[in-house]
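Lettering of chains follows the sequences in order, A, B, ..., and the numbering in each one begins at 1. All figures in this text were calculated on a predicted structure; none of them were measured in a lab. Note: hydrogens, waters and symmetry copies are ignored here, and every other heavy atom, side chains too, is used.
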Amino acid sequence: MERTYVGDLKENIGKTVKLEGWLQTLRDQKKMQFLILRDPTGLAQVANFKPNDEELAARISQVNPESAIIVTGKVVENPVVKLGGIEVQLETLTVDNLAESPLPFDPFGETLPMLDYRLDWRYMDLRRPINSLLFKVETLVQQAMREYWSQKHFVEMHSPKLTSSPSESGAELFSLDYFDRKAYLTQSPQFYKQMAMAAGFERIFEIGPVFRADPSFTARHMTEFTGVDVEISWIDSHEDVMEFQERWLQYVYQRVKDEYGDEIKEIFGVDIVVPEVPFPRIPMAEAVRILKERGYTIPAEKKGDLDPGGEREIAAYVKEKFNHDFVFLTDWPATVRPFYHMRLAPDSPLTRSYDLIANGLEITTGAQREHRADILAKQALEKGLHLEPIQYYIDFFRYGCPSHGGFGLGLARLMMVLLNLNNIRESVYIFRGPTRLNP
RNA sequence: GGGGGCGUGGUGUAGCGGCUAACAUGCGGCCCUGUCAAGGCCGAGAUCGCGGGUUCGAACCCCGUCGCUCCCGCCA
């Protein structure tokens with residue numbers, strides 16, 4: 001018999017169907033047994049009149065909550081039933097996999113264990129509908145991103161995650177044995193994205209893993225995460241990159257709202273607001289002034305940079321002034337940016353770069369890249385870098401590499417913002433942090 | 001890496017110098033019941049993270065250690 005989903009029971013009244021799912025609750029009474037079966041589409045009540053088959057009834061009594069079960073039965077209307085006025089009258093029951101008892105925790109209990117404990121038993125935690133919705137939304141987010149890229153003729157890249165040298169400072173690299181030498185896990189596909197520009201691919205994207213050996217213990221950092229990277233050729237400035245990114249994000253939000261807006265409202269209690277374009281843009285110098293006006297003191301050592309509190313304060317300002325959840329902070333001082341960001345003008349202390357702050361959280365860094373080999377080398381030296389390890393990279397720009405720029409976005413951070421989660425560990429399938437390597 | 005907080009049955013909490021360590025939930029048993037956040041009764045389950053110290057006496061105070069957590073640094 002073909003499987004019927006709980007969500008399709010209404011269309012099958014009077015028929016005998018097969019359901020596959022988990023036993024969420026068993027209410028075992030004198031004459032009746034009620035099995036609440038959960039599948040990805042919802043909950044259904046399965047009823048068994050015990051005197052019909054005492055042997056079957058005895059077997060049901062032995063089935064523990066969260067067991068994987070397969071039942072067949074006739075779908076009947078019954079206005080008394082609070083679960084949609086429908087129930088399935090049990091005919092057969094197969095226990096596909098008995099759940100041991102007791103469970104490490106009840107995913108449907110009134111109080112949930114703390115996050116860290118739930119991460120130990122992540123597959124149980126993921127049985128909660130809020131989590132399955134999260135990953136359905138994440139799937140759509142990536143699909144929508146690809147739809148937009150596809151319309152704009154982007155090419156998808158898969159760059160290597162094993163590298164011989166750091167792409168930036170090198171302080172945050174995981175190293176590993178690579179036959180008789182050392183290799184590193186990439187901290188960013190940055191150089192390879194730019195190589196594609198030198199290759200003439202013009203517009204590329206990559207969704208892939210990124211590794212950071214930072215001992216960071218915050219609600220928004222991971223040692224391994226999924227980076228969404230974009231690089232575009234023939235641009236005039238970072239403004240072109242921002243313009244692309246805001247429209248792309250607007251498209252993603254629109255798709256999510258259209259498809260899951262109601263469900264997200266119901267389960268996460270969040271109204272998806274499709275952002276208006278253009279997003280507000282604030283040059284860093286002005287941001288610093290605004291913060292000063294609002295009485296926010298940036299830590300002295302930051303020098304043109306913003307601390308997370310400053311980012312949240314700017315986000316609050318933007319919300320008040322423009323009623324917008326996003327803000328591009330632009331034109332960062334070169335001192336706080338990597339060597340490959342292009343200067344605003346020759347020898348300017350500022351760069352053609354931006355951060356995208358969403359609801360106070362930094363989700364993107366983007367920039368126009370310096371594509372003139374001689375200036376790039378000079379900027380690297382100014383940052384105290386040695387040219388030898390990055391010479392192959394600088395060489396990308398020796399034989400006709402067009403002007404270009406792009407950005408990197410943290411997928412899990414975007415999910416945090418989208419669904420208003422306060423910890424990135426909840427917005428990623430399996431969290432990796434300095435002390436978390438399992439499961 | 002720096003600073004603050006926390007660590008008590010499976011889980012979530014209470015207790016903060018004299019307790020046979022309490023409550024909820026879950027678990028086991030019995031009773032009732034077309035149930036539906038089911039209800040009632042009974043029961044099992046913690047040497048209070050670990051190590052040391054102070055004290056007549058420590059879950060409770062002190063030191064160390066480990067783990068978690070929050071903030072900062074770093075960033076996506």
Tightest non-hydrogen contact, residues A/Arg436 and A/Asn438, listed as NH1-O, 2.7 Å
A/Arg220/A/Glu311 salt bridge by N-O under 4.0 Å criterion: no
What N/O pairs connect the protein and nucleotides 28-33 of chain B at under 3.5 Å? Give each pair on its own line.
unit_1 : atom_1 : unit_2  : atom_2 : d
B/U33  : O2     : A/Gln29 : OE1    : 2.2
B/U33  : N3     : A/Gln29 : OE1    : 3.3
B/U33  : O4     : A/Lys30 : N      : 2.7

When rounded to the nearest Å, what value does the distance between P atoms of B/C62 and B/G18 take? 16 Å
Under 4.0 Å between any heavy atoms, over every strand shown, what does A/Arg425 touch: base, sugar-phosphate, or nothing? Just pick one. sugar-phosphate
In terms of the nearest nucleotide of RNA chain B, which residue is placed more toward the 5' end: A/Ala47 or A/Gly309? A/Ala47
Whole-Å distance between B/C72 P and A/Glu313 CD? 13 Å
How far, in whole Å, is B/C36 from B/A44 if one measures between their P atoms? 29 Å
Results of ring-ring contact (aromatic ring centres under 6.0 Å, His included) for A/Tyr317 - residues two or more places apart only: none
With a 3.5 Å cut-off and heavy atoms only, can you find an N or O donor on one side and an acceptor on the other between the side chain of A/Gln45 and the base of B/U35? yes
Restricting to nitrogen or oxygen on both sides, can you table the protein-nucleotides 2-4 of chain B pairs closer than 3.5 Å?
none

Within the modelled atom types, does a donor on one side and an acceptor on the other bring the side chain of A/Ser216 and the base of B/C75 under 3.5 Å apart? no
Pair A/Trp248 and A/Phe407, ring centroids less than 6.0 Å apart: yes
Could you check how far CG of A/Leu185 sits from C1' of B/A76, rounded to whole Å? 17 Å
Minimum side-chain heavy-atom gap A/Phe339-A/Ile390 below 4.5 Å: yes
Listed by chain and number, what are the ring-ring contact (aromatic ring centres under 6.0 Å, His included) partners of A/His404, not counting sequence neighbours? A/Phe397
Indicate, with a heavy-atom threshold strictly under 4.0 Å, whether A/Thr226 touches base, sugar-phosphate, or nothing. nothing
Please enumerate all residues that pass side-chain contact (heavy atoms from CB on, under 4.5 Å) together with A/Asp28, with sequence neighbours excluded. A/Leu26, A/Gln33, A/Lys50, A/Ser61
Give a yes/no answer on whether the side chain of A/Arg312 brings an N or O atom under 4.0 Å of OP1 or OP2 in B/C72. yes
Below 4.0 angstrom, which residues in residues 65-95 of chain A have at least one non-hydrogen atom near RNA chain B? A/Asn78, A/Val80, A/Val81, A/Lys82, A/Glu87
When you compare the side chain of A/Asn52 with that of A/Gln89, does any pair of heavy atoms fall below 4.5 Å? no
Extract all donor-acceptor atom pairs below 3.5 Å that involve side chains of residues 68-86 of chain A and protein atoms in other chains or at least two apart in sequence.
unit_1  : atom_1 : unit_2  : atom_2 : d
A/Thr72 : OG1    : A/Thr92 : N      : 3.2
A/Thr72 : OG1    : A/Thr92 : OG1    : 2.5
A/Asn78 : OD1    : A/Val80 : N      : 3.0

Which residues satisfy the ring-ring contact (aromatic ring centres under 6.0 Å, His included) test with A/Phe328, sequence neighbours excluded? A/Phe279, A/Tyr354
A/Asp331/A/Arg337 ion pair, N-O < 4.0 Å: no
For residues 357-364 of chain A, which residues have at least one heavy atom under 4.0 Å from RNA chain B? A/Glu362, A/Ile363, A/Thr364
When the C1' atoms of B/U13 and B/C48 are compared, how many Å lie between them, rounded to an integer? 13 Å
Can you tell me how far P in B/U33 sits from the matching atom in B/G45, rounded to whole Å? 32 Å
Can you list everything that forms a ring-ring contact (aromatic ring centres under 6.0 Å, His included) with A/Tyr251? Sequence neighbours excluded, please. A/Tyr148
Polar pairs (N or O, both sides) under 3.5 Å between protein and nucleotides 7-14 of chain B?
unit_1 : atom_1 : unit_2   : atom_2 : d
B/G10  : O2'    : A/Pro104 : O      : 3.3
B/G12  : OP1    : A/Met114 : N      : 3.3

Which residues pass the side-chain contact (heavy atoms from CB on, under 4.5 Å) test with A/Glu202, sequence neighbours left out? A/Ser233, A/Trp234
Tell me what A/Gly109 touches on the nucleic acid: a base, only sugar-phosphate, or nothing, going by heavy atoms under 4.0 Å. nothing
For B/G39, does OP1 or OP2 lie under 4.0 Å from any side-chain N or O of A/Arg27? no
Of A/Arg212 and A/Leu119, the one whose closest nucleotide on RNA chain B sits nearer the 5' end is A/Leu119
Same-atom distance (C1') from B/U8 to B/A22, integer angstrom: 11 Å
Under 4.0 Å from OP1 or OP2 of B/C70: is there any side-chain N or O of A/Asn423 that close? yes
Under 3.5 Å donor-acceptor pair, A/Arg413 side-chain atoms to B/C75 base atoms: yes
Which whole number of Å gives the distance between the C1' atom of B/C16 and that of B/U11? 23 Å
